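Counting convention: from 1, in listed order, for ligands and their atoms alike. All figures in this text were calculated on a predicted structure; none of them were measured in a lab.
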Amino acid sequence: MSETIEKVKCLIIGSGPAGYTAAIYAARANMKPVLYQGTQPGGQLTTTNEVENFPGYPDGITGPEMMMELQKQAERFETDVRDGWVTKVDFSGDVHKVWVNDTKEIHCDTVIISTGASAKYLGLDSEQKYLKLGGGVSACAVCDGFFYRNQEVVIVGAGDSACEEAHYLSKLCKKVTMLVRRDEFRASKIMAARVKNTPNIEILFNTETDEVLGDGQVVTGVRVFNNQTQEKHEIPATGFFVAIGHKPNTDIFKDFLNLDETGYIINVPGTSKTNIEGVFVSGDAADHVYRQAVTAAGTGCMAALDAERWLAAKDSTFEVSTSTYN
Ligand SMILES: Cc1cc2nc3c(=O)[nH]c(=O)nc-3n(C[C@H](O)[C@H](O)[C@H](O)COP(=O)(O)OP(=O)(O)OC[C@H]3O[C@@H](n4cnc5c(N)ncnc54)[C@H](O)[C@@H]3O)c2cc1C
């Protein structure tokens, strides 16, 4: 073995709520986890201001602060948190091989994948501007809908998730305008019917976003155009929700792990196990349904416990720390 190859018991890829929670459990179980943060240390929550639905923060907390706390907690138990992007893996043999930044090679007994997913956006400059300002653009109705109570919002999307999110918003907001690019929904009939039958949801078919409007700080409306007539008009709104899908960050695993048609890693139901022994998944990388910090953290815990039990069964010399359960 070359000197440059490092051997680790438990490698965690990703530093969102799933990765750090896996690290806390793995570290307390004596697995000496090494965690690579990737290009977004702290994960998706670092792009949001207020998190009000993570248990334990009665007054809410900002996303970046919450993730700093999770990192601190993981490091308290001596998780080795590192900068670095995993560029390649080879899960074909008994030893799981992982490359960081294309150069560093690591051989791992267990790997916990917590690489998350990225929300898709339209890509308009005005959308990105208010997204970065935290001024009214969101890709998560469950996370941010509450901030728009009794207000008017616009949502873009035509699939099942978009319908679900529009319906969720309709219970909080005065009015929801839904922009659908084609002349029909992509969603299932039942989901489309639910939206159509909700009185405070207005659906505009053949309609696309021309510009997100604002006062320089917050969103004040959306200019839309009909893609059949090219006619434009403005809709007053304080929130602009984008529900056009997510892309799981799983491309590097596709040659080894079973993925669904969108790219989410398929886990053995009720566990964090993948189709490869010793490789586990947690968080949004495998979750196209809930996509919340608390569910990501929960599955991070599952992945560490599954990894620890797998290691203990394989290697009788590995001593599980009793502190896992304390
Ligand atoms: C704007 C916004 C607001 C939100 N608000 C809330 C909220 O209020 N409440 C809530 O519960 N949820 C909220 N969510 C959803 C929540 O952020 C996610 O469900 C959660 O972060 C998923 O956690 P995760 O650990 O699976 O992945 P992520 O948080 O997506 O983290 C993925 C991590 O993997 C790393 N990574 C990816 N690929 C690689 C690689 N190849 N090598 C190394 N590292 C890699 C990234 O750098 C990142 O650190 C929000 C999401 C967004 C976008």
**OP:** Please indicate whether N101 has more than 12 foreign heavy atoms, meaning atoms of other residues, nucleotides or ligands, lying under 6.0 Å from its CG.
**Re:** yes
Original post:
Which atoms from ligand 1 have a heavy atom of G283 less than 4.0 Å away?
Top reply: 26 (O)
Original post:
Any N/O of S15 closer than 3.5 Å to an N/O of ligand 1?
Top reply: yes
Original post:
How close does the nearest protein non-hydrogen atom get to atom 25 (O) of ligand 1, and which residue and atom is it?
Top reply: A18 N, 2.9 Å
Original post:
Looking only at protein heavy atoms, which one is nearest to atom 5 (N) of ligand 1, and how far off is it?
Top reply: C143 CB, 3.2 Å
Original post:
Any idea which atoms of ligand 1 are less than 4.0 Å away from a heavy-atom of T39?
Top reply: 47 (O)
Original post:
Looking at ligand 1, does any of its N/O atoms fall within less than 3.5 Å of an N/O of S282?
Top reply: no
Original post:
Going by the atom numbers of ligand 1, which of them fall below 4.0 Å from some non-hydrogen atom of G84?
Top reply: 43 (C)
**OP:** Please write down residue, atom name and distance for the protein heavy atom closest to atom 12 (N) of ligand 1.
**Re:** A293 N, 3.4 Å
Original post:
Should the heavy atoms of other residues, nucleotides or ligands under 6.0 Å from CD of E234 be counted, would the total exceed 12?
Top reply: yes
Original post:
Under 3.5 Å, side chain of D284 to main-chain N/O of N249, donor-acceptor pair present?
Top reply: no
**OP:** Specify the protein heavy atom at minimum distance from atom 36 (N) of ligand 1: its residue, its atom name, and the distance to 0.1 Å.
**Re:** W85 CZ3, 3.8 Å
Original post:
Any nitrogen or oxygen of C140, main chain or side chain, under 3.5 Å from a nitrogen or oxygen of ligand 1?
Top reply: no
Original post:
What residue and heavy atom of the protein are closest to atom 37 (C) of ligand 1, and at what distance?
Top reply: T115 O, 3.3 Å
**OP:** Would you check if V242 and K120 make a side-chain contact, meaning some heavy-atom pair closer than 4.5 Å?
**Re:** no
Original post:
Which ligand 1 atoms are under 4.0 Å away from a heavy-atom of G38?
Top reply: 43 (C), 44 (N), 45 (C), 47 (O)
Original post:
What are the atoms of ligand 1, with element, lying closer than 4.0 Å to any heavy atom of G116?
Top reply: 26 (O), 27 (O), 30 (O), 32 (C)
**OP:** Evaluate the salt bridge (charged side-chain N to carboxylate O under 4.0 Å, His left out) criterion for residues K32 and E78: first the C-alpha distance (whole Å), next the side-chain angles of each, then the deciding distance (0.1 Å), finally the verdict.
**Re:** CA-CA 7 Å; K32 304 190 176 9; E78 291 174 13; over 6 Å; no
Subject >> More than 12 heavy atoms from other groups under 6.0 Å of OH on Y290 >> reply: no
Subject >> Test item: I112 and S282 side chains (from C-beta on) under 4.5 Å apart, heavy atoms >> reply: yes
Original post:
If you measure only the distance, is there a donor-acceptor pair under 3.5 Å linking the side chains of N226 and E231?
Top reply: no
**OP:** Give the residue and atom name of whichever protein heavy atom lies nearest to atom 21 (O) of ligand 1, and the separation in Å to one decimal.
**Re:** P17 CD, 3.5 Å
**OP:** Check each atom of ligand 1 against the heavy atoms of Q37 and keep those under 4.0 Å away; list them by number with element.
**Re:** 35 (C), 44 (N), 46 (C), 47 (O), 48 (C), 49 (O)
**OP:** With sequence neighbours left out, write down each residue that passes salt bridge (charged side-chain N to carboxylate O under 4.0 Å, His left out) with K232, or none if nothing qualifies.
**Re:** D210
Original post:
By number and element, which atoms of ligand 1 are closer than 4.0 Å to a non-hydrogen atom of N53?
Top reply: 7 (C), 8 (O), 9 (N), 10 (C), 11 (O)
Original post:
In terms of the angle between their ring planes, are H96 and F91 parallel, tilted or perpendicular, with boundaries placed at 30° and 60°?
Top reply: perpendicular
**OP:** Could you find the nearest protein heavy atom to atom 15 (C) of ligand 1 and give me its residue, atom name and distance?
**Re:** R291 O, 3.6 Å
Original post:
Do T198 and H167 come within less than 4.5 Å of each other through their side chains, counting heavy atoms only?
Top reply: yes
Original post:
Any idea which protein heavy atom is nearest atom 53 (C) of ligand 1, and the distance to it?
Top reply: Q44 OE1, 3.6 Å
**OP:** Could you tell me whether some N/O pair between Q40 and ligand 1 is separated by less than 3.5 angstrom?
**Re:** yes
Original post:
What do we get for T48 next to ligand 1 when only non-hydrogen atoms under 4.0 Å count, side chain, backbone, both or neither?
Top reply: side chain
**OP:** Give a yes/no verdict on a cation-pi contact between R149 and F146, requiring under 6.0 Å between NZ or CZ and the six-membered ring centre and an angle within 45° of the axis.
**Re:** yes
Original post:
Where on V86 is there a heavy atom closer than 4.0 Å to ligand 1, on the side chain, on the backbone, on both, or on neither?
Top reply: both
**OP:** Under 4.0 Å from a heavy atom of S114: give me the atoms of ligand 1 that qualify, with their elements.
**Re:** 32 (C), 33 (C), 34 (O)
Original post:
N/O of N249 under 3.5 Å from N/O of ligand 1, yes or no?
Top reply: no
Subject >> Salt-bridge present (K314, D109; N to O < 4.0 Å) >> reply: no
Original post:
Heavy-atom contact under 4.0 Å between G63 and ligand 1?
Top reply: no
Original post:
With K175, which residues qualify under salt bridge (charged side-chain N to carboxylate O under 4.0 Å, His left out), at least two apart?
Top reply: E202
